[in-house]
K.L.:
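Dropping the structure in here first, questions after.
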Amino acid sequence: MNKPVDTEKLKPADYATDQEVRWCPGCGDYAILKCVQRTFADLEVDKSKTVFVSGIGCSSRFPYYMDTYGFHTIHGRAPSVATGVKLANPELDVWVVTGDGDGFSIGGNHLMHALRRNVDFKILLFNNEIYGLTKGQYSPTSQVGTRSPSTPMGSVDLPLSPCKLALGAGAKFIARTIDTDQKHMPEVFKRVHAYKGAAFVEIFQNCIVYNDAVFASFTEKKTAADRQLHAIHGEPLIYGKDRDKGIIFNPKTFQLEIAAIGENGVTESDIVVHDETNANLADLLINMTGPDVPTVLGIIYAQDAPTFEQAVVAQVEAAQKNGKADLGAHMREGRTWTVS
Amino acid sequence: MAHSEANDNNDHRESVIIRFAGDSGDGIQLTGNQFATASALAGNDLSTFPDFPAEIRAPVGTTFGVSAFQINFGSREIFTPGDEPDVLVAFNPAALKTNLEGLKDGGLIVADEATFVDRNLKKAGYETNPLTDKSLDGYRVLPVDISKLTLEAVEPFGLGKKDALRCKNMWALGLLLWMFGRDRESVASWVNTKFANKDTIRDANIAALNAGHTFGEAVEMEGHITPQVIEAAHLPPGEYRTVMGSEAIAWGLVAGAQLAELPMTFCSYPITPASSILHTLAPMKKFGVTTFQAEDEIAAICAAIGASFAGSLGVTSSSGPGIALKTEALGLALSTELPLVVVNSQRGGPSTGLPTKTEQSDLYQAVYGRNGDAPIPVLAAHSAGDCFETAIEAVRLAVKYMTPVILLTDGYIANEAEPWKLPDLSKLEKFPARFAEEGSGEDGPFNPSQRDPETLARIWAKPGTPGLEHRIGGIEKSFDTGHISYEPENHEKMTKTRWDKVAGIANDIPEQKIDFGPESGSLAIVGWGSTYGSIARAVRVASADGIEASHIHLRHINPLPKNLGDLLANFDQVLVPEMNMGQLATLLRDRLGIKVTQLNKVSGQPFKKADFVKAIRQYVLPRAAE
C-alpha cells in the first residue's frame, strides 16, 4: 500500500507524538526537541526510516516525543543498541540522544567505541554538567567545586571535555551548539543529518532546577558575541560584538591565541581560517578554555570516512556473491562417512 | 549379554579409552583428533574431550603446561570420553605426572623415554625416573625413544632438529593406529591438505607416521603388545561426521534463523569457553550471518537487542561472568518483548572461577537471576550433537514468543566431539517470523502492545515500515496502548502477562520422556546438560547387572515439561546429579513441590560413569535386597 503523496508542507507537529512532554518547565530539552522537529519538517525527513535511541536520564525521554521509531533503552547503552540497529538495517537514519552522565559516566565505553568505529548515527549529547533525573548529583562534566547532594563541600575531580574525548576516540564529526540558539542549532542539525558516519554534537543544555545558568557566561545575550566563537569552514575565526577579535596561531607555543584586530600590527589576514577537515586545528579549538577565552561553536571537525556498518555489510555481501549458501553442504565439509 | 561393572572395565575389545598427554606445543589436540577421525572411519562410536591448560604457552616441560586429549571409542554406543584410560601416551615426564591418576590398573603407558632426563624429571617434580624406579609396577610400561626414532625417520628431509622433533606426534600416532588396527589413510590425507604448500614438512610428517606404524609391525615390544581389533559399532544408518558442541550450536543457530526466515546478527565478546561459537560463525557470512565483536559483554547483548528491534534475529553468547554483565539488558529484552537468544557456555564459578573447567552452576542465574519478576525460557543442551536441535528450539521459542531465551551449554559440551548423524535440513519444520504489516495511519498511531491471544507474544514491527512508527523501552508500559504507565493495576497485569507468556510455553514443548529404564520404580535420575553421557552409560551398565534405574534428561528447564511432576511421582526416589551444589534440585522442589535427593560434584571435572553406578547401587540395591 502506497501512501498518498503529501502535497502540503510538513510541519514540526507532524513529528510530535500524542504524549505529554514531561520535562521541568523551562528545561533546555524543550528547545532542543522543538528544534529537531522543526529541522525534520524543513528537511522532510522520512519518519518511517528514522529511529531515536536513548539511554537513561532526562534527555533520554526524547524518543517518546518524536513520532518516529524509538527505543528508550538502559543507562549508557544507547550507542550499543544503535550499533545493532545499524548492523541489522544500515538504511535507517538513527539518532542517539544522551546526556553527560549517560554518555560519559556509565556509557563512556560504548560512546568511545561507536565514535572509533564510525558507526553511522548521530549522537546528540545534552550536556548540562549535572545529573538531573537522580536529583542533582555532580556529573563527569561538572566543574571542580560543584556543590551537589553527593559533593556538599564541592566536587574535587576534574571534568572531562566531551569534544576532546570524542576527538581522541577518533570521531570524524564534532559540533557544538546551544539549546537556546534556535538559529544556530537547526543549521548544525542539518549538517548532522547530511553527514554519513558517527556525528557527535555537544549541546550546552541548561538544567533550570539543578544547575541553572551554568553556561550563562557565554550564552547570555549581552555577552554572547564576545564569548562565542562561531567556527565556519573557510572563514577566518573572528568574533566579538564589533568583530574585532580573532584567533591567531602562535608557532612558538603551538597554541591558539586571541588577538585584537588592528592592534599590535594584527590584520585580518593574520587570523586563522577555519578548516573543518583539520583535526589539529579542531584539537586546538576545543582546548581553548578559560574565563577570557570564547567558547567555540559550530562544526569544529568534519571529515568523510567509511562507516562501520558499510564495511561489515560489504563483507557479508561479498561472501554471498555466489548466491545463497547451502547449510547442509557446509556441514558436510571435511570428513563425513556413511553408516549403512 | 549381561556383564558386570568389573568386566566392563576390562573388556578392551568392546571399547578402549586412550589419553594423549604432552606439552602444549606437542600437537596433542591434533594427534587426538586425527586418531578420532581414523576411528570414526573405522565405524566406531566415540566421544572425545580435550583438557588443555589455561595458560596459552606455559613453560616447556612444566606440569601446568600439559595438554591432554582423551578418546573413548568402541563397538557399542559410546556416551562419554570415558572414566579411566586404558592407554596413556605421555610425551614427557610432566604429562605422565599429571595424567597417571585415573589410568586403569594394568593400563598401558607409552612414554617417550628420550624426554625422561634429569632436567625434565625435575621440572615435573620427579626425584627419580619413574620409567626405571619401579613406581609404575602396577601398569604395563612401554618406553620408546620416540624422539630418536622420529629424528631417524625424517632425517632424509633435512629439517632442523626443532622442526624434525615436531613430527614426534605423528610417529606416536602411527604406533597407536597400528595398535588398534586403524587405517592411516585419513591422517595422510589430512597431512597432504594441511601442508599442501610445504613439501618437506608434509613428507616428513608422513614419514614419521609410517615409521611409527612400521615400528609396531616390526619390533618385538616388551609386554607382547599386539594389535587389538575394535569392531564397528551399530550406529543408525546415515551420513555422519564428528562434531563439537560449539560448532553444532553455531550451525543450529544458523538453521534456526533460516527456519524463522530471518537474518541473524550475532554479537559477542570473547570469553572462555564461549569464543569458539563466535569463531565458527564469523566465517559463515555467506549465510547472511553478521557477526559483531563488541567492546564488552554489555555492548554485545545491547547490539543484539538493537538488531532484533530492527527486524533481525539478535543472538549473543558468553559464559557466566559475561552473562552476569548482560543481566540488565536481558531485562530490557524481556520488558520490550523482543526475540533474543543468549547462549551461556558455563564454566567453573563464581567470579573468574575456573575458566577452562566445566560446571553447571549458572542455572539459578538463568532462571532466577534478574531484577524484577523477569521470567525467561531456559533450555539446556546435553551433548555436542544435541546442541544443534536445542539451538533451533531456542530460536523457535524466541521468535514465536517474542522473548529472550537462554540456552545453557558448558565447557565440556563446547569442546567435546562425537560422531553426529547429519540432519536432513529439508525435513525441519519452518517457523517464519511474522512482522506487522504496513499501516495507513488512518486508525491513529500504531499500537505496539498488540498481542497474539494464544501465545501472548507482542507484535513485531520493523523500523523502516511506513505507518508503524512506535516507541518501546524498559519503563513499564500500558497493556492496552504501549505508552509509559505507572498505574499499579497495569503493572500487575503486565507482570502476570509476562509470567503467563513464559509459563504457557509448557503447552508448546514436547512432554518429558524417559531416556532409559522403566516408567516407574525405585529410582529416577533426573539430569540436565552435559551429565547426559555419564548417566546414560551408568543406567545401562547397572541394568545389565539387573539393577534398574530410570534416566530422565531435561532439555526444557524453564518452563518445565508439564508432565514432569506426574512422571516423577512414579518413582520412590528422585536423584538429581549436578555439577553444582543443587540448582536443578532447588528448581524441582520450587516448581513441582517434590522431594529430591542431590548428588553434587564441583571439582571442575565432569561426572564419571562410576559416580552414577555407585549412586545407583546405593539407592537401588538395598531395596532390591529387601
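Every chain is numbered from 1, with letters handed out A, B, ... down the list of sequences. On a predicted model such as this, the values are computed, not experimentally measured, just so you know.
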K.L.:
Using heavy-atom distances under 4.5 Å, tell me whether A:Met112 contacts chain B through its side chain, its backbone, both, or neither.
P.N.:
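The answer is neither part of A:Met112.
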K.L.:
What option among B:Ser186, B:Ala248, B:Cys267 has the most heavy-atom pairs under 4.5 Å with chain A?
P.N.:
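Looking at each of B:Ser186, B:Ala248, B:Cys267 in turn, B:Ser186 comes out on top.
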K.L.:
Can you check whether A:Gly132's main-chain N or O pairs, donor with acceptor, with A:Lys135's side chain at less than 3.5 Å?
P.N.:
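Not at all, since once roles are kept as given, no pair shorter than 3.5 Å links the two residues.
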K.L.:
Under 4.5 Å heavy-atom distance to chain B, tell me which part of A:Asp18 shows up: side chain, backbone, both or neither.
P.N.:
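Looking at A:Asp18, just its side chain touches chain B.
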K.L.:
Could you tell me which portion of B:Pro463 (side chain, backbone, both or neither) has an atom closer than 4.5 angstrom to a non-hydrogen atom of chain A?
P.N.:
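Answer is both: backbone and side chain atoms of B:Pro463 are under 4.5 Å from chain A.
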K.L.:
Can you say whether A:Thr73 sits under 4.5 Å from chain B via the side chain, the backbone, both, or neither, judging by heavy atoms?
P.N.:
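Its backbone and side chain both get close to chain B.
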K.L.:
Tell me which of these, B:Glu239, B:His470, B:Glu295, has more heavy-atom pairs under 4.5 Å with chain A than the rest.
P.N.:
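Among B:Glu239, B:His470, B:Glu295, the one with the most close pairs to chain A is B:Glu295.
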K.L.:
Of the backbone (N, CA, C, O) and the side chain (C-beta and beyond), which part of B:Ala232 lies under 4.5 Å from a heavy atom of chain A, both, or neither?
P.N.:
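Neither; nothing under 4.5 Å.
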K.L.:
With a 4.0 Å cut-off, would you call A:Asp93 and A:Lys49 a salt bridge?
P.N.:
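Result for this pair is no, no salt bridge flagged.
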K.L.:
Determine whether B:Thr316 and B:Lys326 satisfy the following criterion, side-chain hydrogen bond (donor to acceptor under 3.5 Å, both in side chains), listing intermediate values before the conclusion.
P.N.:
CA-CA 10 Å; B:Thr316 188; B:Lys326 295 179 195 292; 3.0 Å; yes
K.L.:
Under 4.5 Å from any heavy atom of chain B, what part of A:Gln315 do you find: side chain, backbone, both or neither?
P.N.:
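Both backbone and side chain.
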K.L.:
Pick from B:Glu247, B:Lys286, B:Arg471: which one has the most heavy-atom pairs with chain A under 4.5 Å?
P.N.:
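Most pairs with chain A among the choices: B:Arg471.
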K.L.:
Non-hydrogen atoms of chain A under 4.5 Å away: do they reach the side chain of B:Leu262, the backbone, both or neither?
P.N.:
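Interface part for B:Leu262: neither.
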K.L.:
Please classify the contact of B:Leu425 with chain A as side chain, backbone, both or neither, using a heavy-atom distance under 4.5 Å.
P.N.:
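For B:Leu425, the contact with chain A is made by the side chain alone.
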K.L.:
Measure distances from A:Leu327 to the heavy atoms of chain B and classify the residue's part below 4.5 Å as side chain, backbone, both or neither.
P.N.:
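Both backbone and side chain of A:Leu327 come within 4.5 Å of chain B.
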K.L.:
Where on A:Val316 is there a heavy atom nearer than 4.5 Å to chain B: the side chain, the backbone, both, or neither?
P.N.:
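Backbone plus side chain of A:Val316, per the 4.5 Å heavy-atom cut-off to chain B.
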K.L.:
So what's closer than 4.5 Å to chain B heavy atoms on A:Phe308: side chain, backbone, both or neither?
P.N.:
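Side chain of A:Phe308 only, per the 4.5 Å heavy-atom cut-off to chain B.
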K.L.:
Can you tell which part of B:Tyr240 gets under 4.5 Å to a heavy atom of chain A, answering side chain, backbone, both or neither?
P.N.:
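Both the backbone and the side chain of B:Tyr240 come within 4.5 Å of chain A.
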K.L.:
By a 4.5 Å heavy-atom criterion (distance strictly below it), what part of A:Arg116 contacts chain B: side chain, backbone, both, or neither?
P.N.:
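For A:Arg116, neither part sits under 4.5 Å from chain B.
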K.L.:
Shorter than 4.5 Å, heavy atoms on both sides: which option in B:Ala255, B:Ala40, B:Gly314 has the most such pairs with chain A?
P.N.:
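Maximum pair count with chain A is reached by B:Ala40.
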K.L.:
What part of B:Ser308 gets within 4.5 angstrom of chain A, counting heavy atoms only: side chain, backbone, both, or neither?
P.N.:
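Contact with chain A: none, neither part.
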K.L.:
With a 4.5 angstrom heavy-atom cut-off, could you sort out which part of B:Thr465 is near chain A: side chain, backbone, both or neither?
P.N.:
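B:Thr465 touches chain A through backbone and side-chain heavy atoms alike.
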K.L.:
Give, as side chain, backbone, both or neither, the part of A:Glu20 having an atom under 4.5 angstrom from any heavy atom of chain B.
P.N.:
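Neither the backbone nor the side chain of A:Glu20 comes within 4.5 Å of chain B.
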K.L.:
Could you have a look at B:Ala233, B:Gly288, B:Ser312 and say which one has the most heavy-atom pairs with chain A under 4.5 angstrom?
P.N.:
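Answer, by heavy-atom pair count under 4.5 Å with chain A: B:Gly288.
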